[in-house]
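The block underneath contains the structure these notes are about, expressed in structure tokens.
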Amino acid sequence: MYVCSCFGITEQQVQQHAENGACTPRQIASACKAGTDCGGCVRRIQALLGRGACPRRELIERHAPALEALDDAA
């Protein structure tokens with residue numbers, strides 16, 4: 001099913017970008033332009049991303065050591 005009619009982006013494409021690390025509608029937009037024209041698909045993209053869809057978000061919630069090392073380096 002199409003999520004973004006303006007650029008012909010499907011749910012599957014959004015999910016693939018999410019699996020590759022795009023965790024927010026803005027990151028999805030950077031990856032494939034979805035949500036950058038009329039904006040009508042942004043809420044649908046948000047729904048597809050959902051809570052916990054982002055691997056990085058999951059790591060943050062678990063306080064993964066790799067992320068703590070990055071925090072210390074900053």
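- Scanning all heavy atoms of the two residues, the minimum distance from Cys41 to Ala34 falls at SG-C, 4.1 Å.
- With sequence neighbours excluded, the residues that form a side-chain contact (heavy atoms from CB on, under 4.5 Å) with Thr10 are Tyr2, Gln12, Gln13.
- Residues Pro25 and Leu49 have side chains in contact (heavy-atom distance under 4.5 Å, counting atoms from C-beta outward).
- Residues satisfying the side-chain contact (heavy atoms from CB on, under 4.5 Å) test with Phe7, not counting sequence neighbours, are Cys4, Ile9, Lys33, Thr36, Asp37.
- Here the side chains of Ile28 and Thr24 are not in contact, with every heavy-atom distance at 4.5 Å or above.
- Remark: Glu11 pairs with Met1, Val3, Arg44, Leu48 by the side-chain contact (heavy atoms from CB on, under 4.5 Å) rule, at least two apart or across chains.
- A distance of 10.0 Å separates NE2 in His17 from CD1 in Ile45, rounded to the nearest 0.5 Å.
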